[in-house]
2 protein chains.
Amino acid sequence: MVRPTQKKQIPNLQQAIKDVAWKHIAKHGAPALSLRAIARELKITAPAIYNYFPNRDALVTALIIDAYTSFGDSQLAARDAAPPEDLTGRMNAIGLAYRQWALKYPQRYQLIFGTPIPGYHAPLMEVLPSAARSLSALVSVIEQLRLAGKLNVKSFPKVQAEYKGGFEMWKKYGGEADILSLTVAMLIWARVHGIVSLEIAGNLPPLGTSGDDLYLYEMKSLNQQFIKE
Amino acid sequence: MVRPTQKKQIPNLQQAIKDVAWKHIAKHGAPALSLRAIARELKITAPAIYNYFPNRDALVTALIIDAYTSFGDSQLAARDAAPPEDLTGRMNAIGLAYRQWALKYPQRYQLIFGTPIPGYHAPLMEVLPSAARSLSALVSVIEQLRLAGKLNVKSFPKVQAEYKGGFEMWKKYGGEADILSLTVAMLIWARVHGIVSLEIAGNLPPLGTSGDDLYLYEMKSLNQQFIKE
DNA sequence: CCTTATAACTAAACGCCGTATATTTATTAA
DNA sequence: TTAATAAATATACGGCGTTTAGTTATAAGG
């Protein structure tokens, strides 16, 4: 006859599962994520989790979307902390926030941009909205630089037809922007990701405070290369 | 009394295990690596592998060292294919070879520079020799550029004391070079790694042939920024 | 030639894991 | 009060890395 609502000892079990998952990821790394371990900590049985996530990959996808959202919040907040007319100031704020977020949540960063879960591949259609949003801060500033005629892209490689299509989804969720701006954003993203991912993975020698200096140097390089004046 | 040597149906089982491991990694990705699956394919039992590797991590370490060696061979071959006096030509050859190797062996690239194995962390002391050698091609060319006075590093961040120590091991295995050259090499490495890792992980929109153009653009940027004349 | 030490293997088991199936429990509308 | 059903448990399967104990084949020493 009816359709009961939800009750429970734990009020919002769906959220509690994600919370415990993040706690385990922070402590033992993403690859160590285990439904059974989560269930143990919540004092439920492992199959109970399947009422909230159809399988482990779905949980991981939910975590990735949350991580993208957290990352995107940080990016947008950094952008909006600088006055709208100070475009280079916004650029720098975004760049600094990128690394700071990554150093604060290295496991989340690797969850998003690495491939730390055995056999897991993120379903593009589910993840893309939050992913594109997280990069929209950078894209929007570059687009405004372009509109202001401050984007220095004289010798930029010509964008080819086959390559334009790949950006359509990005534009849909990341905000309307010229494909040139999207491409420049991608290049900038690749540069900061290069340093940050090596740093987080421990593939660079211990940099100490010089890590900051090197990162700032790269940000200055980007400014000089891509921004006029 | 005695100490038997080795026999067996499979002559060099240690190598055969690694061969099958690479086959599985190429086909299903590094995270899917399984001792039992390797054993099945070799028609032995899983514990037999423990005669050749004390545990799965040791096998992974051996694979990583092999991958670094393959990668380093490719880098050194690219360097030596250009005449010794053509330093910018050698730089470009190394840069192109970097991406080509990564695109040819994406799973190996992720095995080295990603963190694809659950709970695995590479033992630095074992891996560093082959790792440093793989970057020695780039380092050597930059060092020669520096010695020739062609390295443009006016505004380069000052290297701090605490940070010098981290490079000692690198220098030991990667060839003697000024710390300035090592730092520039690191920065260049971070840039190419940024693009290549995003590309391999599928985090960039499909670039088609524009992938080549963008990569070449970044290589040109590096040339213009760091090399005089 | 035959014993004996031992490297290299197999058999079996342990405790993990994700997940499917069947069953029980608790809630709630009719 | 009853019937429907969401949400949990109980149980089980096959996979994993790894440990332990036992077997087999080899080769040197007497």
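Per chain, numbering begins at 1; letters A, B, ... match sequence-line order. Hydrogens, waters and symmetry mates are skipped; everything else that's a heavy atom, side chains included, is used.
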Chemist: Does a salt bridge link B:R90 with B:D80, judged by any charged N lying under 4.0 Å from a carboxylate O?
Modeler: yes

Chemist: List in chain and number order the residues that pass side chain to side chain donor-acceptor pair (under 3.5 Å) with A:N51, two or more places apart in sequence or in another chain; answer none if no residue qualifies.
Modeler: none

Chemist: Who passes ring-ring contact (aromatic ring centres under 6.0 Å, His included) against A:W101, sequence neighbours left out?
Modeler: A:F71, A:Y105

Chemist: Between D:dA6 atom P and A:I44 atom CD1, what is the distance in whole Å?
Modeler: 18 Å

Chemist: OP1, OP2 of C:dC16 versus side-chain N and O of A:S34: anything below 4.0 Å?
Modeler: no

Chemist: Reckon B:Y50 has a side-chain N or O less than 4.0 Å from the OP1 or OP2 of C:dA8?
Modeler: no

Chemist: Quick one: does A:R99's side chain get under 4.5 Å of A:L103's, heavy atoms only?
Modeler: yes

Chemist: Is A:L33 touching bases, backbone alone, or none of the nucleic acid, heavy atoms closer than 4.0 Å?
Modeler: sugar-phosphate

Chemist: Go nucleotide by nucleotide along DNA chain C from the 5' end; which of A:P47 and A:R40 gets its closest nucleotide reached first?
Modeler: A:R40

Chemist: On DNA chain D, check which nucleotide each of B:A46 and A:I49 is closest to and give me the residue with the more 5' one.
Modeler: A:I49

Chemist: From CG of A:L59 over to C1' of C:dC17, roughly how many Å is that when rounded to an integer?
Modeler: 15 Å

Chemist: Taking only the side-chain nitrogens and oxygens of B:T45, find out if one of them lies under 4.0 Å from OP1 or OP2 of C:dA11.
Modeler: no

Chemist: Are any of B:N55's side-chain N or O atoms less than 4.0 Å away from OP1 or OP2 of D:dG17?
Modeler: no

Chemist: Let's see if you can work this out: which of C:dT10, C:dA13, C:dA20 has an atom nearest to the side-chain heavy atoms of B:R36?
Modeler: C:dA13

